[in-house]
There are 6 protein chains.
Amino acid sequence: MSGGDLTHIDAGGRATMVDVGDKLVTARRAVAQGTLRCAAATLDAVTGGTAPKGAVISTAELAGIMAAKRTADLIPLCHPLPLTKAVVVIAIDPALPGFTVKATIATQGQTGVEMEALTAVSVACLTLFDMLKAIDRTMVIGDIAVAEKTGGKSDWPD
Amino acid sequence: MSGGDLTHIDAGGRATMVDVGDKLVTARRAVAQGTLRCAAATLDAVTGGTAPKGAVISTAELAGIMAAKRTADLIPLCHPLPLTKAVVVIAIDPALPGFTVKATIATQGQTGVEMEALTAVSVACLTLFDMLKAIDRTMVIGDIAVAEKTGGKSDWPD
Amino acid sequence: MSGGDLTHIDAGGRATMVDVGDKLVTARRAVAQGTLRCAAATLDAVTGGTAPKGAVISTAELAGIMAAKRTADLIPLCHPLPLTKAVVVIAIDPALPGFTVKATIATQGQTGVEMEALTAVSVACLTLFDMLKAIDRTMVIGDIAVAEKTGGKSDWPD
Amino acid sequence: MSGGDLTHIDAGGRATMVDVGDKLVTARRAVAQGTLRCAAATLDAVTGGTAPKGAVISTAELAGIMAAKRTADLIPLCHPLPLTKAVVVIAIDPALPGFTVKATIATQGQTGVEMEALTAVSVACLTLFDMLKAIDRTMVIGDIAVAEKTGGKSDWPD
Amino acid sequence: MSGGDLTHIDAGGRATMVDVGDKLVTARRAVAQGTLRCAAATLDAVTGGTAPKGAVISTAELAGIMAAKRTADLIPLCHPLPLTKAVVVIAIDPALPGFTVKATIATQGQTGVEMEALTAVSVACLTLFDMLKAIDRTMVIGDIAVAEKTGGKSDWPD
Amino acid sequence: MSGGDLTHIDAGGRATMVDVGDKLVTARRAVAQGTLRCAAATLDAVTGGTAPKGAVISTAELAGIMAAKRTADLIPLCHPLPLTKAVVVIAIDPALPGFTVKATIATQGQTGVEMEALTAVSVACLTLFDMLKAIDRTMVIGDIAVAEKTGGKSDWPD
């Protein structure tokens, strides 16, 4: 890894949306993951009687999908891409304790969709936080990273 | 902490934007924090010659401020609030190694702005990730939490 | 009812966002309703085994809430309002056959929220349509109207 | 029509934006229609002296076009598509009495544009409602349906 | 005029959305103006038979109103404000030759609406440009400035 | 130049988003320019000690890039296009005195990107205005025009 090549900064130190016009249109896919850590009792509330698992988790999954479509509106130098697929899966993990969030995004485009996947995970985590903050002040969002990226010049992991 | 009171879920298990119409309009303020962990060499690139610290960091700070204003568009059950202040401060922390991100948001409103602060931190981290992903595949966004919240019925921390 | 007073059209025939600056800030509330008529078999699919009622209906309810917050972006002469409450309830009505959609919106503001309630109902119906169009070509959205409006100079119904 | 295939719901009952990455890019076109029923006197106001037909109707037509471009922002599981054409035509129908709204949308894409056409019709109707609500409390939006859809695997009507 | 007080830049040289939480909520109003200069023949086309003055001008006026509502989304450090009034008036000026655009915006808020008025004028000019660019390559947008601002600590002009 | 062909107005005088579905997908590029004229002392403030040139200018450059991506949301009859490049360069020109703004936009699409370039310039100028309005009431935005356009049926300049 060399540090001399920040693609979004031009020779004059200016932030730009780099030219991808010469890159190939290929089927691109990315997977990102993250977690919301919380109190064990919070998981009980989500899975318990009055608080159906469906409402909390499905709201956050949907928020993640919708956010993926708005990535280029949020990340200043991100290219707009017509997504062809977006899935967000949230699971309860008692061992954390907390939630694991995984987003899979695909497009036919000239640049990758890892930022869309990361945005979906981030907003899904924020939505879980919003719905649970009245009962838990210990929550932390973290572990957000790219798990897989394919279809570009270089794939993650190699 | 009791688990029986998920404010956004009604008795029928339906997600709703809860009624805050009877809450007082008060000066509310929230601070959220987070980190982007990266390789030490990535920090060198950001602070080094060709890659001015200003461009990477100031782009991410600005993205965070703009995202704070769009929180209610992204988080399904969040109330729209006219923010009166938004500041995002990103610092380089060689000990992580990585970046620390801190957002301070204020409003005069009927509900708190912790989701706006968390959204600002999240999108600032995503923007850093976007600008550095070409040189570093080890980055992880994390430690996103509310540091402080004032002006409501109950403050964080107590 | 007299026809000579189109509030959004000025003396020169120009569309404008009318001045509500002198109106009182009051607690305003509106309820709107609508239906999506479909084949009886479509209802069976939604309530049947593989297609959980929750996923179709809760997605549409959430879409309605989120759309309510964007009403002023969609309706050109609508005033932006900070909503204090938004609830969308969708029920299956075998007698139609179809779905009934009801939205309740509240604000503290200088103008009513009936357009927000109507927008929530419309987008909830559109979302149901989107999720069911692969199995039903007979669907019709209709009966969208204001059921109740309070808090302004004149209430509906009287 | 079989009811077992809700395309937006996965095997686990989760709402997803389905993968259209393998579908062909074809010229796709859709037409949707709808009505706003109102009092006969309301039509007189719209066509009468002080309230030029142009301002009310042209505002609603434009709102419909702009809404079509934002369909994927409003409908959670809708794919974003770069529209190549959008026309909304509103006509006065004294027999209803009311307005008929017709939207024609086209794209070169991997999925159809019937949701964009329906969204254009819905928002055009909502905009008419907004501009006329001060003089008419009897208005009802309805009859919103797909009139024609071409360019996909299966066309409407057959 | 002293140059030492850039309100949006903090002591560390960072762009921020400044705190207006302590400012009074007052009735604020701003007027901005601008022009689109074009060929004389372009004005003929707009006022001539096949090209109704209404369609070109009313589309641009509406675009200006809608853009005013989105000012805080576009201008990074602008505070979101619930506008109470928005009017855009476009006139043909054969002497320029071209169009004059004037926007009047009002709010009840803690900060002024001159940016909203300037944004309305700018987007109205851009919309005129878009509709006329097929027949005129000489167009120039200019003369965009604040004509009047009232309701704040200091008014324009004094 | 003939005046009889307003592309966005149909035979009935209605504004429409014209059909570009039959146009070729080509590499398209546009450059637009503009200026913000201000007092000489304002330039001193921007380049002086406490007000780093970077913060004011880089904020406005970024705002221009982000606005370019939202052009189709702002200009009613503009086609949405997936931009492949966006660069905004702002320079201080003591001779004006003021700032010159230049935007370069590219896409692979069926229609040109001159409106995206003009929108980027306009919003960059508005952002400069916003950041400097506290110290200068003499500012005027102007000279906004297309400098170059390539990739379509007809290029600017010829």
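Lettering follows sequence order; numbering is per chain, from 1. The model shown is predicted, which means the values in this text are computed figures rather than measured ones.
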Next item on the list: Under 4.5 Å, heavy atom to heavy atom: which of residues 63-71 of chain E reach chain D? Give them by number, or say none.
Entry: M66(E), R70(E)

Check: More than 12 non-hydrogen atoms from neighbouring residues, nucleotides or ligands closer than 6.0 Å to NZ on K149(D), yes or no?
Finding: yes

Item checked: Listed partners of K133(E) passing salt bridge (Lys or Arg N to Asp or Glu O under 4.0 Å), at least two apart -> D130(E)

